[in-house]
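Okay, handing you the structure first.
Predicted model only: the values in this text are computed from it and were never measured. Indexing begins at 1, ligand by ligand and atom by atom, following the structure's order. Values below: every heavy atom of this structure, side chains too, minus hydrogens, waters and symmetry copies.
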Amino acid sequence: MSAIVSLQVKNGNKNINLSLIDDKLSFELNMKSANNNPISIPARNILYIALDKTKDTCIRINVLVPKDKLTLKLKEFSFQVIDEESTQSWIKAVNSTAYKDAKQAKHFKVFVNPFGGSGKAVKIFNQSVKPIFDAAGCTYDVTMTEFSNHANNAKEVVKNLNLKAYDAIVTVSGDGIIHEIINGLLSRDDALEIDIPIGTIPAGSGNALSICLLGNDHGVSVTHATLNVIKGVPMKIDTCSVTQGNEKYFAFMTLNYGILADGDISTDHLRWMKNFRFFLGTVQALFGNRNYDCELAMKIAEDNIVRIKQNYNEVYDSSILDMKDKPRTLINKYGTVNDPIPRGWTILNDDGYIFYASKVPWVTRNNMVFPFALPSDGLIDLMMIKRNKVSKIKVANICSEAFENGSHVNMKELKSTPD
Ligand SMILES: Nc1ncnc2c1ncn2[C@@H]1O[C@H](COP(=O)(O)OP(=O)(O)OP(=O)(O)O)[C@@H](O)[C@H]1O
């Protein structure tokens with residue numbers, strides 16, 4: 001770690017030093033802080049440092065500091081400049097350390113879903129996201145989304161969006177709007193050339209993508225997600241094509257049929273319950289005695305029908321999952337549903353409670369259904385619970401407890417590979 005030469009500025013009538021050492025910006029204010037320690041801010045939390053010539057020439061430092069375990073809050077420090085030239089070059093050096101490989105002062109296309117989650121997305125954007133974007137020097141065009149068949153439906157808007165005008169698309173919503181955006185982008189003539197990143201701020205019910213990106217806690221934190229949108233470096237996520245009847249669409253997270261899907265759809269009117277609605281809906285569907293006949297066609301590479309996925313501990317911290325030496329089976333490649341089945345595809349034909357395929361580990365907060373799913377390995381993790389193999393009580397237990405830490409992958413009932 002290299003230290004950057006300190007900069008001398010004035011705080012009132014006293015001189016103080018601002019220095020960036022080991023990726024931390026440190027300085028001592030004249031008024032001693034309660035514990036007498038100098039102020040120390042990780043470079044990652046620096047949003048923007050700029051010269052402000054509106055009054056006396058001063059240096060403005062916008063940062064995020066911890067408010068509580070889940071929230072960051074905006075703070076601005078301002079000091080009088082002593083020497084403008086050295087201040088300019090210090091600012092340039094610190095801003096570039098603060099952003100590393102990420103572009104500074106990005107321009108975003110933002111989609112806010114006023115209906116998502118418990119209906120707080122507009123407030124979340126105006127009160128929490130916007131001030132942080134502003135403090136980071138980011139600019140944005142905002143679309144309030146509308147339901148399908150309306151002009152401001154996210155899928156329709158991105159179909160004709162000039163993508164070159166933006167550094168990223170940002171959603172202030174749940175995963176549904178991201179799904180619409182991905183499907184809108186992939187329906188364009190230039191689909192194969194598109195490489196615009198999509199950033200997400202959690203304002204829906206499940207927010208699985210945000211949780212998978214930032215973890216079970218920070219994934220539901222608007223301020224941490226906003227910082228990630230500003231400073232994150234893009235990563236790739238596989239998309240899977242799904243055909244149902246004549247309709248083809250693209251999935252980037254989960255494909256779901258059975259009680260979990262039913263439980264989500266049937267509790268749409270209970271959004272105020274937040275995450276709890278999924279559990280309630282699932283239990284209702286489980287004890288509702290519906291049959292879920294299903295024919296799933298999975299395209300499976302012939303020489304690679306089932307392969308063992310290993311080395312997952314390289315990716316996931318073993319403190320999250322202690323499953324060393326327990327590789328599991330995965331089914332390879334993309335799948336389609338209810339399509340005329342070409343030769344070489346494997347058909348899973350069953351009546352069960354859950355048919356669940358995923359590209360991501362967490363499906364909602366505290367629900368790690370696919371502990372070994374990786375975003376861009378070209379594989380889909382598939383989980384099925386068959387009706388004749390598992391009791392309802394056991395299914396309820398899996399959904400309420402085992403999903404929390406992923407321990408269901410070791411249950412013998414879920415161990416079998418397709419017949
Ligand atoms: N103005 C609107 N009024 C009603 N519905 C809307 C509006 N804008 C978008 N929608 C619809 O809201 C649906 C849900 O959106 P979103 O994913 O943001 O929230 P969610 O379902 O609560 O979150 P999650 O997907 O994380 O569970 C989308 O399918 C979208 O078509």
Practice item. Check for a donor-acceptor pair, side chain of Asn45 on one end and backbone N or O of Leu64 on the other, with a separation under 3.5 Å. Key: yes
Practice item. Could you check atom 19 (O) of ligand 1 against the protein and tell me its nearest heavy-atom contact, residue, atom and distance included? Key: Gly116 CA, 3.5 Å
**Study point:** Heavy atom of the protein closest to atom 27 (O) of ligand 1 (residue, atom name, distance)
**Key:** Gly206 N, 3.0 Å
Exercise for review: Would you mind checking which non-hydrogen protein atom is closest to atom 11 (C) of ligand 1, with the distance to 0.1 Å?
Suggested key: Phe147 CD1, 3.8 Å
**Study point:** Within the 6.0 Å centroid threshold, strictly below: Phe147 and Phe115
**Key:** no
Revision key, fill the gap. Among non-hydrogen protein atoms, atom 15 (O) of ligand 1 lies closest to Asn113 ND2, 2.9 Å
Practice item. Go through the side-chain N and O atoms of Lys73 and Thr223 and say whether any donor and acceptor fall under 3.5 Å apart. Key: no
**Study point:** Aromatic plane relationship, Phe77 with Phe79 - under 30° parallel, 30 to 60° tilted, over 60° perpendicular
**Key:** parallel
Practice item. Would you tell me which option among Asp175, Thr145, Val172 has the nearest heavy-atom contact to atom 24 (P) of ligand 1? Key: Asp175
Review point. Between Asn153 and ligand 1, does any nitrogen or oxygen pair lie at a separation below 3.5 Å?
Key: no
Review point. To the nearest 0.1 Å, how far is atom 20 (P) of ligand 1 from its closest protein heavy atom, and which atom is that?
Key: Arg271 NH1, 3.3 Å
Review point. Looking only at N/O atoms, are Glu180 and ligand 1 under 3.5 Å apart anywhere?
Key: yes
Review point. Between Phe125 and Phe133, how do the two ring planes meet: parallel, tilted or perpendicular, split at 30° and 60°?
Key: perpendicular
Review point. Should you measure from each heavy atom of Asn207, which atoms of ligand 1 turn up under 4.0 Å away?
Key: 26 (O)
Exercise for review: Check each heavy atom of Met144 against ligand 1 and say whether those closer than 4.0 Å belong to the side chain, the backbone, both or neither.
Suggested key: neither
Practice item. Look at the rings of Tyr257 and Phe355 and say which category their plane angle falls in: under 30° parallel, 30 to 60° tilted, over 60° perpendicular. Key: tilted
Check your understanding: Any donor and acceptor pair, going by atom type alone, linking the side chain of Lys231 with main-chain N or O of Arg44 inside 3.5 Å?
Key -> yes
Review point. Quick check: does Phe115 get an N/O under 3.5 Å from an N/O on ligand 1?
Key: no
Review point. To which protein heavy atom is atom 23 (O) of ligand 1 closest, and what is the distance rounded to 0.1 Å?
Key: Ser205 N, 3.1 Å
Review point. For Gly204, is at least one N or O under 3.5 Å away from an N or O on ligand 1?
Key: no
Revision key, fill the gap. Applying side chain to side chain contact (heavy atoms under 4.5 Å, CB included) to Asp264 and not counting sequence neighbours gives Arg277, Phe278
Revision key, fill the gap. Taking only non-hydrogen atoms of Gly117 and a 4.0 Å limit, the atoms of ligand 1 in range are 19 (O), 20 (P), 22 (O)
Check your understanding: Are any of the N/O atoms in Gly176 less than 3.5 Å from those in ligand 1?
Key -> yes
Review point. Can you list the ligand 1 atoms lying under 4.0 Å from a non-hydrogen atom of Ile177?
Key: 9 (C), 17 (O), 18 (O), 30 (C)
Review point. Do any nitrogen or oxygen atoms of Gly174 come within less than 3.5 Å of a nitrogen or oxygen of ligand 1?
Key: yes
Point to revise | Pair listing, salt bridge (charged side-chain N to carboxylate O under 4.0 Å, His left out) test, anchored in residues 187-200, at least two apart | key: Arg188-Asp190
Exercise for review: Describe, in one word, how the ring planes of Tyr249 and His179 are oriented to each other, choosing from parallel (under 30°), tilted (30 to 60°) and perpendicular (over 60°).
Suggested key: perpendicular
